[in-house]
Amino acid sequence: MIERKLAAWQEAGLIDAGTTASIRAYEAEHSRPLALWAVVGIGALAIGLGLVSVVAANWEAIPGTVRLAAHFALLALLAAALWWRGGVLLSERPWAHEALLFVFAVLGLTFFGHLGQVYQTSSPLWQPLALWLALFAPVVLLRGSSWLAAALLAVVLVYACWDFADPTRPLFGLDRGQRPGLVIGIATALPVLLAPLGAWMRGRSRRTDFWRRLEQLGFAYALGCASLIAAASGLDDFDGETERFLALGTQIVQAAIGLGAAALVIAARRSTSRRAAGCVIGGAALVLLAAHLVDGSMLGGAILFMALWVGVAFAALQAGWRRIFQLAVAVIAVRLVILSFELASDLLTSGAGLIAAGLLILAVAWIAVRVSRRLAPPEETTP
């Protein structure tokens, strides 16, 4: 593929013959034997699957205490390796360090499930996840260096928060009726705080990739939740005053935490990108409140959803987020098509209606592509 690219670039006058030869020489010197590495990977995978099969076949025959002891010993071995060699690996082989940290964290996560299996304990899932966050999250925050550790931390945090916020489950084992909206709001809004945490630490740590990914995950969580709430607000209204009051209280708390996170992101470092990211998070928080006013209106929910993404597109234009701007244009276009089907669903039962729908889809797609190409920022930056 690179030979075709080089030939095309040279023919177009973008590079000369000397540059082409230099690129070929560099690629030849730094090329990797992908076929050989693929064979090695297949062999390693076969060995790993074989070991898993052997252990699984004899799992019940191994005493539980022996399994737990082996699991804990492996955890201790990895912790010692991170302690003694983590700094060297982080500076010389960062991906080896990240892989070691990821395996250590995942083994710690599975240890609690293993413990519950051996001793036949039953508890809500958020409890072992919260214990993992208390014991292993500090290690990930102190040693994580890329998106892998950041994604693991964010996923566990989101799952623990939402499982804890389940309104049908008693709070801390005390059955006192419906869970208060304050508790649900705080729990479900906590992952948004990853954005200000990452924003503050990016300029104060050498592990900028890790903190940037953590900030982006908090940003994506805020935007994703607001989009889901806006989309769902037009589907159905609340059944009674109790449900309405509970939802309003929850959304007020979520919006307050979201606005606080937005202010912290903006205050972390004065830049156009940070201001845009803070404005999007703050706008997402306000959408949570506005969704309560839609109250089952299909058109109102669609307008709220598209207003959110229009704001995202405007912020992307100001900050130079090319891909996010293109994503916003695509999301708005798709929502327009869906709205047209919702408003004129009867037309889809006839051939003329299907033709009109097809033409509408093509027109919206053409406009979206033109807008995306003409208005998208020329250079890609990330929030």
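Values below: all heavy atoms of this structure, side chains included; hydrogens, waters and symmetry mates excluded.
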Quick one: do Leu129 and Phe112 satisfy side-chain contact (heavy atoms from CB on, under 4.5 Å)? Show the steps, please. CA-CA 8 Å; Leu129 293 181; Phe112 298 112; over 6 Å; no

Val287 side chain reached by Ile229 side chain, heavy atoms, under 4.5 Å: no

Would you please indicate yes or no on a ring centroid separation below 6.0 angstrom for Tyr159 and Trp132? no

How close do Ala137 and Leu153 get, heavy atom to heavy atom, and via which atoms? CB-CD1, 3.6 Å

Could you go through the side chain to side chain donor-acceptor pair (under 3.5 Å) check for Arg213 and Gln216 one step at a time? CA-CA 5 Å; Arg213 297 304 182 190; Gln216 291 171 347; 3.0 Å; yes

Spell out, yes or no, whether Leu135 and Phe111 are grouped together once hydrophobic residues are joined by side-chain heavy atoms under 4.5 Å, including indirect joins. yes

Hydrophobic cluster identity match, Leu327 and Phe314, side-chain contacts under 4.5 Å: no

Under the side-chain contact (heavy atoms from CB on, under 4.5 Å) rule, what do His71 and Thr110 come out as? Steps first, then yes or no, please. CA-CA 9 Å; His71 199 155; Thr110 57; 3.4 Å; yes

According to a 4.5 Å side-chain heavy-atom criterion applied to Ile, Leu, Val, Met, Phe, Trp and Tyr, with indirect links allowed, do Leu286 and Leu264 form part of one hydrophobic cluster? no

Go through the steps to decide whether Trp321 and Val312 satisfy the test side-chain contact (heavy atoms from CB on, under 4.5 Å), and finish with yes or no. CA-CA 10 Å; Trp321 303 337; Val312 173; 5.7 Å; no

If we ignore hydrogens and angles and just use 3.5 Å, is the side chain of Arg207 paired with the main-chain N or O of Met201 as donor and acceptor? no

Nearest non-hydrogen partners of Ala226 and Leu288, listed with the distance: CA-CD2, 4.1 Å

CG of Leu101 to CG of Leu142: how many Å apart, nearest 0.5 Å? 10.0 Å

Got a second to check how far Leu133's CG is from Leu157's CG, nearest 0.5 Å? 6.0 Å

Check for me, please, whether Leu217 and Leu223 land in the same ILVMFWY cluster - side-chain distances under 4.5 Å, paths through other members count. no

To the nearest 0.5 Å, how far apart are SG in Cys225 and CD in Gln254? 7.5 Å

Looking at Gln318 and Thr272, would you say the former's side chain and the latter's main chain have a donor-acceptor pair under 3.5 Å? no

Of all heavy-atom pairs between Val265 and Gly278, which one has the smallest distance, and what is that distance? CG1-N, 4.0 Å

Residue pair Ser227 / Trp309: nearest heavy atoms and the distance that separates them: OG-NE1, 3.1 Å

Set out, in order, the CA-CA distance, both residues' side-chain angles and the distance that settles side-chain contact (heavy atoms from CB on, under 4.5 Å) for Trp147 and Asp209, then state yes or no. CA-CA 7 Å; Trp147 64 268; Asp209 288 342; over 6 Å; no

Grab the two heavy atoms, one from Ala222 and one from Ala284, that are nearest each other, plus how far apart they are. O-CB, 3.7 Å

Geometric class of the Phe136/Phe104 ring pair [parallel <30°, tilted 30-60°, perpendicular >60°]: tilted

At their closest point, which heavy atom of Ser233 faces which heavy atom of Gly301, and how far apart are they? OG-CA, 3.7 Å

Does Glu215 pair with Arg274 as a salt bridge, N-O distance under 4.0 Å? yes

Could you measure the distance from the CH2 atom of Trp211 to the CZ atom of Arg204? Nearest 0.5 Å is fine. 11.5 Å

Are Leu190 and Leu182 grouped together when hydrophobic residues (ILVMFWY) are joined by side-chain heavy atoms under 4.5 angstrom apart? yes

Report the distance from atom CD1 of Ile281 to atom CD1 of Ile257, rounding to the nearest 0.5 Å. 13.0 Å

CG (Leu259) and CG (Leu289) are apart, to the nearest 0.5 Å, by 7.5 Å

Main chain of Arg202, side chain of Ser205: is a donor-acceptor contact present, judged purely on distance under 3.5 Å? no

